[in-house]
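Here the structure is laid out as structure tokens; the discussion comes afterwards.
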Amino acid sequence: MAARPQRAVRKLVVQRDSESEESSDEEIENDAIEEEEAVNEEEEEDYGDDADGDGEGEQEDNAATPSSSVPNGKKKKEPITISLKTAKLCKVCKAKDHQAGFVGSVYVDCPNKPCFLCKQPGHTTATCPHRIASEHGVTPAPRRQSLGMIDFVHERQLRSQIQKMMPPPVVPNRVDCAIIKLHSRRVTNLEFHPTKDNILISGDKKGQVGIWDYEKVYEKTVYNSIHTCIVGSIRFHPTNTEMIYSCGADGTVSCSDLETGLPNRAIDLNPDGWNGPSTWRMIYGMDINGTRNVVLASDNTGFLHQVDIRTNSRIGKPLLIHKKGSKVVGLHCNPVDPDLFISCGNDHMARIWDMRFLDAEGQLAELPHPRVVNSAFFSPKSGNKILTTCQDNRLRVYDCIFSNLAEPSREIVHSHDFNRYLTCFRAEWDPKDPSENLAVIGRYISDDFNGIALHPIDFIDVSTGQLVAEVVDKNITTITPVNKLHPRLDVLASGSSRSLYIWRPKDEMEDDDKGLEAEEEIKRKVTIFTVPDHAAAKKGKDKRKFDEDEDDDDDDDMLCQKSSKKKERSVMD
DNA sequence: ACCCTATGTATCC
DNA sequence: TGGATACCCTAGGG
């Protein structure tokens with residue numbers, strides 16, 4: 001264990017005057033009366049060097065002399081201990097005169113670091129123009145391209161009209177049904193069933209694949225059989241809705257039956273098992289081209305693999321589509337043009353490809369980014385726009401894939417930092433929005449909601465960068481990096497840590513009586529109850545072969561948050 | 001109210 | 001090229 005870094009609260013111990021005789025082991029504290037610099041010995045050590053301060057001897061000393069230890073004999077006359085908080089060091093830059101961290105529900109940045117939101121130096125998140133200029137922290141970056149004639153006409157004559165013609169989007173802003181801790185590790189992936197509205201498929205870091213009927217809250221299944229570590233992507237079979245394709249960091253792509261959870265391996269990049277990290281291959285990106293009956297999958301070394309859906313076997317040779325040795329984390333087939341797909345990854349690139357010429361340099365365009373690109377998606381209706389999420393805390397929008405793609409049409413500053421303990425954030429289009437402007441993405445930095453620090457899920461109009469809505473629930477205090485909008489309904493599914501939950505719009509009726517809002521909010525009742533897994537199993541139908549989770553912790557419990565339909569109010573607005 | 005730990009990416013040498 | 005190391009708003013468990 002490393003020595004805990006500067007335990008910085010210096011304690012000034014004042015000896016009671018009458019008891020000068022009893023202090024056998026407290027000479028040090030006696031000194032402290034005179035000069036306030038002389039505090040406990042552990043503090044003065046902490047001061048000297050923080051850089052290499054984890055010497056073992058020091059550690060021992062700290063353990064040996066806890067600061068406030070007083071001989072047990074005299075409990076009445078303890079020395080008075082005063083903490084001098086001013087001596088605390090900033091945990092970020094180690095300076096003495098300030099501190100970074102939460103003050104209540106508000107996080108105070110270290111002023112010596114670049115802004116945590118926009119990454120520019122000279123200000124902090126609290127004063128970042130991208131936070132305070134608009135309502136809730138998201139503003140459009142200025143267009144980097146100069147306006148051409150078409151753009152000019154569009155902006156001048158059509159933009160305002162479009163805003164008027166389009167009804168405001170319906171935002172699922174209230175948690176409904178339940179919050180279910182379906183997984184035993186953090187959720188990495190969500191996918192709605194293509195025909196059954198209530199079925200949500202989920203994947204997690206451990207390789208589990210979950211099936212959840214969120215209307216019948218207890219209808220849930222978890223398969224351990226499909227993957228052994230991180231589920232990278234899940235897609236439904238284009239013609240058989242009882243089958244899913246999934247890929248994972250175990251280096252496999254499988255077609256699995258949802259009834260049995262039995263995988264039919266199409267790709268296994270580690271046929272010889274584990275031989276160390278240098279040879280282990282992982283698959284993160286995957287998508288299906290239904291027209292061509294091909295599954296595309298991308299690995300952590302820059303290569304693309306293909307599977308023929310009809311035979312469930314590999315076709316062609318692996319093709320290098322990104323920098324060799326770099327992880328390709330995202331693949332997306334164009335929803336309109338079956339020849340196109342886009343890839344993105346750790347080489348800071350998103351790349352557009354032509355399926356027909358993959359062998360002979362089929363790359364159509366390179367979209368350079370300053371950092372790792374978490375995701376790149378074509379717009380869902382026309383396939384004509386691209387939305388990327390980059391680890392430089394910016395969303396990038398490319399309005400037309402046939403125009404110059406060297407620069408994005410817009411950059412939108414948005415807090416979605418990389419953190420090794422979180423699933424990567426990925427902005428996704430609303431598949432129902434005909435204007436292809438609405439996107440959803442979780443937010444990393446918290447905001448203060450009535451004294452609670454919460455991490456909202458943001459709905460962003462990517463044509464302007466405006467924040468359309470931010471949704472929170474006070475029962476969900478964790479960051480929500482995984483979000484999926486329903487293809488047909490006004491429903492949002494979210495994955496936060498190990499939990500899944502469903503959002504629906506608040507009734508319009510309830511929006512009318514604003515006067516009651518505050519009062520109702522106070523009255524809001526949330527029932528949280530825990531149901532043993534076997535009880536749920538009795539309600540469910542058959543207990544499946546891989547359903548039981550032998551080794552692991554908490555998975556027996558299903559944490560449900562039931563909402564009483566009438567009374568409940570969302571925390572937001 | 002701490003403390004510990006899992007472990008991805010960038011950066012440095 | 002590769003190992004060592006640092007790392008701001010984690011989440012959950014002890």
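Quick note: numbers below take in every heavy atom, side chains included, and nothing from hydrogens, waters or symmetry partners. Every chain is numbered from 1, with letters handed out A, B, ... down the list of sequences.
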Quiz item: So what does A:Pro114 touch, heavy atoms closer than 4.0 Å: a base, only the sugar-phosphate, or nothing?
Solution: base
Quiz item: How many Å lie between CD1 on A:Ile230 and P on B:dG8, as a whole number?
Solution: 6 Å
Quiz item: Are the aromatic ring centres of A:Tyr444 and A:His416 under 6.0 angstrom apart?
Solution: no
Self-check item: Whole-Å distance separating the CG atom of A:Asn300 from the P atom of B:dG8
Solution: 12 Å
Quiz item: Considering residues at least two apart in sequence or located in another chain, which fulfil the ring pair (Phe, Tyr, Trp, His ring centres under 6.0 Å) criterion with A:Phe102?
Solution: A:Tyr107
Quiz prompt | From C:dC9, C:dG13, B:dA10, nucleotide with atom closest to A:Asp109 side chain | solution = C:dC9
Exercise. Kindly express the pairing pattern of DNA chain C in dot-bracket notation, using | wherever a base pairs with another strand and counting only Watson-Crick or G-U pairs under 3.5 Å.
Key: .||||||..|||||
Exercise. Would you name the heavy atoms of A:Ala249 and A:Met282 that are closest together and state the gap between them?
Key: O-CG, 3.1 Å
Self-check item: With A:Tyr284 via side-chain hydrogen bond (donor to acceptor under 3.5 Å, both in side chains) - residues at least two apart
Solution: none
Please enumerate all protein N or O atoms sitting under 3.5 Å from an N or O of nucleotides 11-13 of chain B, with distances to 0.1 Å.
{"residue": "B:dT11", "atom": "OP1", "partner": "A:Arg371", "partner atom": "NH2", "Å": "3.3"}

Self-check item: Partners passing salt bridge (charged side-chain N to carboxylate O under 4.0 Å, His left out) against A:Lys205 (at least two apart in sequence or in another chain)
Solution: none
Self-check item: Proximity to DNA chain B (any heavy atom under 4.0 Å), residues of residues 418-428 of chain A only
Solution: A:Phe418, A:Arg420, A:Tyr421
Quiz item: Taking only residues two or more places apart in sequence or in another chain, which ones pass side-chain hydrogen bond (donor to acceptor under 3.5 Å, both in side chains) with A:Ser326?
Solution: none
Quiz prompt | Non-neighbouring partners of A:Asp287 that pass salt bridge (charged side-chain N to carboxylate O under 4.0 Å, His left out), sequence neighbours left out | solution = A:Arg235
Quiz prompt | Atom-to-atom span, CZ of A:Arg186 to C1' of B:dT5 - whole angstrom | solution = 14 Å
Practice problem: Please report, rounded to the nearest Å, how far the P atom of B:dA10 is from the CG atom of A:Asp392. | Solution: 11 Å
Quiz item: Which part of the nucleic acid, if any, lies within contact of A:Ile479, taking any heavy atom under 4.0 Å across all strands shown: a base, the sugar-phosphate backbone alone, or nothing?
Solution: sugar-phosphate
Practice problem: Considering only atom P, compute the distance from C:dG13 to B:dT7 and round it to an integer number of Å. | Solution: 16 Å
Exercise. Go through the structure and list residues passing salt bridge (charged side-chain N to carboxylate O under 4.0 Å, His left out) with A:Arg281, not counting sequence neighbours.
Key: A:Asp299
Practice problem: Look at all strands and tell whether A:Ser497 reaches a base, only sugar-phosphate, or nothing, counting heavy atoms closer than 4.0 Å. | Solution: sugar-phosphate
Practice problem: Find out whether A:Ser375 and A:Phe425 are in side-chain contact, i.e. whether some heavy atom of one side chain is under 4.5 Å from a heavy atom of the other. | Solution: no
Exercise. Find the distance A:Tyr107:OH to C:dT10:C1' and express it as a whole number of Å.
Key: 12 Å
Self-check item: Rounded distance (Å) that lies between atom C1' of C:dC8 and atom NE2 of A:His416
Solution: 16 Å
Quiz item: If you look only at pairs with a residue in residues 113-124 of chain A, which of them pass as a side chain to side chain donor-acceptor pair (under 3.5 Å), with sequence neighbours excluded?
Solution: A:Lys119-A:Asp417
Exercise. Looking at every strand, decide which applies to A:Asn346 at a 4.0 Å heavy-atom threshold: base, sugar-phosphate, or nothing.
Key: sugar-phosphate
Exercise. Mind checking A:Lys327 for me? I need base, sugar-phosphate or nothing, with any heavy atom below 4.0 Å counting as a touch.
Key: sugar-phosphate
Practice problem: Name all residues meeting the ring pair (Phe, Tyr, Trp, His ring centres under 6.0 Å) criterion together with A:Phe192; count only those two or more places apart in sequence or in a different chain, and write none if there are none. | Solution: A:His486
Practice problem: Provide, to the nearest angstrom, the distance between the CD1 atom belonging to A:Ile476 and the P atom belonging to C:dA11. | Solution: 12 Å
Self-check item: A:Ser496: side-chain hydrogen bond (donor to acceptor under 3.5 Å, both in side chains) partners, not counting sequence neighbours
Solution: A:Thr478, A:Thr480
